[in-house]
2 protein chains.
Amino acid sequence: MANKIKFERESVVRLASQLFWQKGFHATSTRDLQEAINMRPGSIYSAFGSKEGLYSESLKDYTLQMKAQIEGFLSNTDTVLEGLRAFVENVIIETKDCSPSAICMLVKANSEFAEKDANLYELSLNLAAQFEAYLTQLFEQAINNGELNSTMTALEYARFFQVQFTGLRGYFNRPGVTQLAQPMIEQMFLLIKKL
Amino acid sequence: MANKIKFERESVVRLASQLFWQKGFHATSTRDLQEAINMRPGSIYSAFGSKEGLYSESLKDYTLQMKAQIEGFLSNTDTVLEGLRAFVENVIIETKDCSPSAICMLVKANSEFAEKDANLYELSLNLAAQFEAYLTQLFEQAINNGELNSTMTALEYARFFQVQFTGLRGYFNRPGVTQLAQPMIEQMFLLIKKL
DNA sequence: TTTTAACTTTAGCAATCGCTCAAAATCAAC
DNA sequence: GTTGATTTTGAGCGATTGCTAAAGTTAAAA
C-alpha cells in the first residue's frame with residue numbers, strides 16, 4: 001500500500017561517505033550531497049533526518065568497511081601480523097590514489113569536531129574506542145599464536161599500532177613521498193615485533 | 001598626517017590562530033573571528049584581505065611559534081634529544097588542557113584542505129616541508145653530537161619523529177588516556193635511540 | 001478502478017555566510 | 001582649531017547554507 005523506495009540505502013551511504021571523507025563535514029554542502037547520491041532534499045531528509053544523520057551513518061559505515069577489509073586480509077594470510085601488514089600496505093600504497101583521502105575518516109572526524117559535547121564528536125570517540133577494542137582482540141590472537149611476545153599487553157600493541165598507522169597515513173597525505181611508504185611500513189612492523 | 005592602526009597585528013593573528021586551530025577553517029565564521037579578535041569586518045578585510053588571508057597568516061604564525069618553542073627547550077637542555085623530548089612532553093602533557101586542540105594545526109590544515117590546487121592546501125604543504133627541513137637540521141646536530149648513531153640519515157630521523165609525534169597527538173586527542181602519555185613518549189624516544 | 005499510504009520532487013524559506021562601502025571617528029601636521 | 005589622510009564602524013548586500021512543506025508520483029490494497 002505504498003510507493004517503494006527507489007534508492008539503495010547501502011550504496012547511497014557509501015557515496016555520501018566518500019564525499020564526506022574527502023571534503024570533511026563542514027565543507028560538504030547538502031547540494032554537494034544531493035548531486036553525489038542523486039537524491040533530492042525531501043528524500044534525503046526523510047531517509048536520514050539531517051545532514052548530521054547522513055554523516056553519522058556514513059562514518060559508521062566507514063568503520064564497518066574498514067573492519068571488513070581487515071577481515072578480508074586476515075582470511076588470506078597465515079598470521080595476524082601478515083594480515084595487518086597487508087591491510088596497512090593496501091591502505092597506504094595500493095589504494096592511495098583511489099581513496100578520497102590518505103587520512104582515516106575517523107581521525108579526520110575526531111579532528112574536525114572540536115566541541116566536546118557535539119553528537120558527532122561523541123560518535124567519533126565511540127567508533128574509535130570500538131575499533132581499538134577490535135584491534136586489541138586481533139593482537140590477543142597474535143600473542144596467543146606466539147607471533148608476538150607478551151612483554152606488552154594486547155591493548156598496548158593495539159595502541160602502538162594505531163599511533164604508527166595514524167602517523168604514517170598523516171605523513172603520506174603529502175605528495176611525492178610514495179617511495180618511502182614501503183620501507184617505513186617495513187620499519188613499523190619490525191618495531192612491533194621487537195617491542 | 002593620518003590615523004594610526006589601533007590593533008597589534010601580532011596579538012590579533014595569535015587570537016585568530018587559536019580560534020582557527022580549535023574549530024578549523026570552514027567551521028570558523030567571520031563573525032566568530034570578529035568577536036575573538038575584537039575587530040569589525042572593514043578593519044579585518046583592509047588588514048588581511050580575506051578570511052583565507054587571515055588564516056594564512058595564522059598558520060604561518062603557528063609554525064613560527066612552534067619552532068620558537070622548540071628553540072626555547074633546546075636552549076635549556078644539554079642535548080638535542082632532551083630538548084625535543086621536553087617539547088613533546090610539553091605539547092602532549094603540560095599544555096594539553098590550555099591548547100585549542102591536541103592535534104597540530106598544520107596536520108589539521110593538511111587534513112582539512114582536500115582540493116589539491118587550493119591555496120591553503122599548498123600553504124600547509126610548504127609549511128610542513130619547511131618544518132621537516134628544520135627538524136632535519138636538529139637531527140643532523142644530534143648525529144654530529146653522537147647522541148644518535150648514523151645508521152639512519154637525519155632526514156629519516158626527522159620523518160620518524162614526525163610520524164611518532166603526529167600519531168601520539170592524534171591518539172591523545174581522545175579524553176581519558178592522559179596517564180598513558182608519559183610512558184608512550186618514553187617509548188618513542190627509546191625507539192629513536194635504538195633505531 | 002478507486003483509494004490510500006508512502007515516496008519523490010520542487011520551489012523556496014529563514015538563517016547565516018563572506019564580504020563591501022559610505023559614513024563616522026580618529027589623529028598627525030599645520 | 002582646522003585640515004586632511006587614514007582607520008574604524010556597522011548596516012547590509014548577494015550568495016549560499018541546511019532544511020521544509022506542499023504538490024506530484026507511484027504502487028499496493030480494497
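Protein chains get the first letters and strands the later ones, always in sequence-line order, with residue 1 at the start of each. Owing to the predicted nature of the structure, the values given are computational and were not obtained by experimental measurement.
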Going by heavy atoms in the side chains, are [X] and [Y] under 4.5 Å from each other?
X	Y	value
B:Ile70	B:Phe131	yes
B:His26	B:Glu112	yes
A:Thr63	A:Tyr134	no

Figure out the [atom1]/[atom2] separation between [X] and [N], and round it to whole Å.
X	N	atom1	atom2	result
B:Gln34	C:dT20	CD	P	13 Å
B:Tyr55	C:dG18	OH	P	14 Å
A:Ile44	D:dC19	CD1	P	10 Å
B:Arg31	D:dT17	CZ	P	15 Å
A:Leu33	D:dG18	CG	P	8 Å
A:Arg40	D:dT25	CZ	P	15 Å
A:Leu120	D:dG18	CG	C1'	14 Å
B:Phe48	C:dT20	CZ	C1'	18 Å

* Taking the six-membered ring for Trp, are A:Phe87 and A:Phe165 ring centroids under 6.0 Å apart? ->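 Centroid distance A:Phe87-A:Phe165: below 6.0 Å, so yes.
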* Answer with yes or no after comparing the ring centroid distance for A:Tyr55 and A:Tyr62 against a 6.0 Å cut-off, counting only values under it. =>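 No, ring centres 6.0 Å or more apart.
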Among the candidates [options], find the nucleotide nearest to the side-chain atoms of [X].
X	options	value
A:Ser46	C:dT8, C:dG18, D:dT17	C:dT8
A:Pro41	D:dT17, C:dT10, C:dC19	C:dT10
A:Ser43	C:dT9, C:dG18, D:dG18	C:dT9

* Where each residue is assigned the nucleotide of DNA chain C containing its nearest heavy atom, which of B:Ser50 and A:Met39 is assigned the position nearer the 5′ end? ->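 Comparing both residues, the 5'-ward one is A:Met39.
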* side-chain N/O B:Tyr45 vs C:dT20 OP1/OP2, d < 4.0 Å ->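 No, no such contact exists.
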* Determine the contact category for B:Ser29: base if any of its heavy atoms lies under 4.0 Å from a base atom, sugar-phosphate if only primed atoms, P, OP1 or OP2 are that close, otherwise nothing. =>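 Contact class for B:Ser29: sugar-phosphate only.
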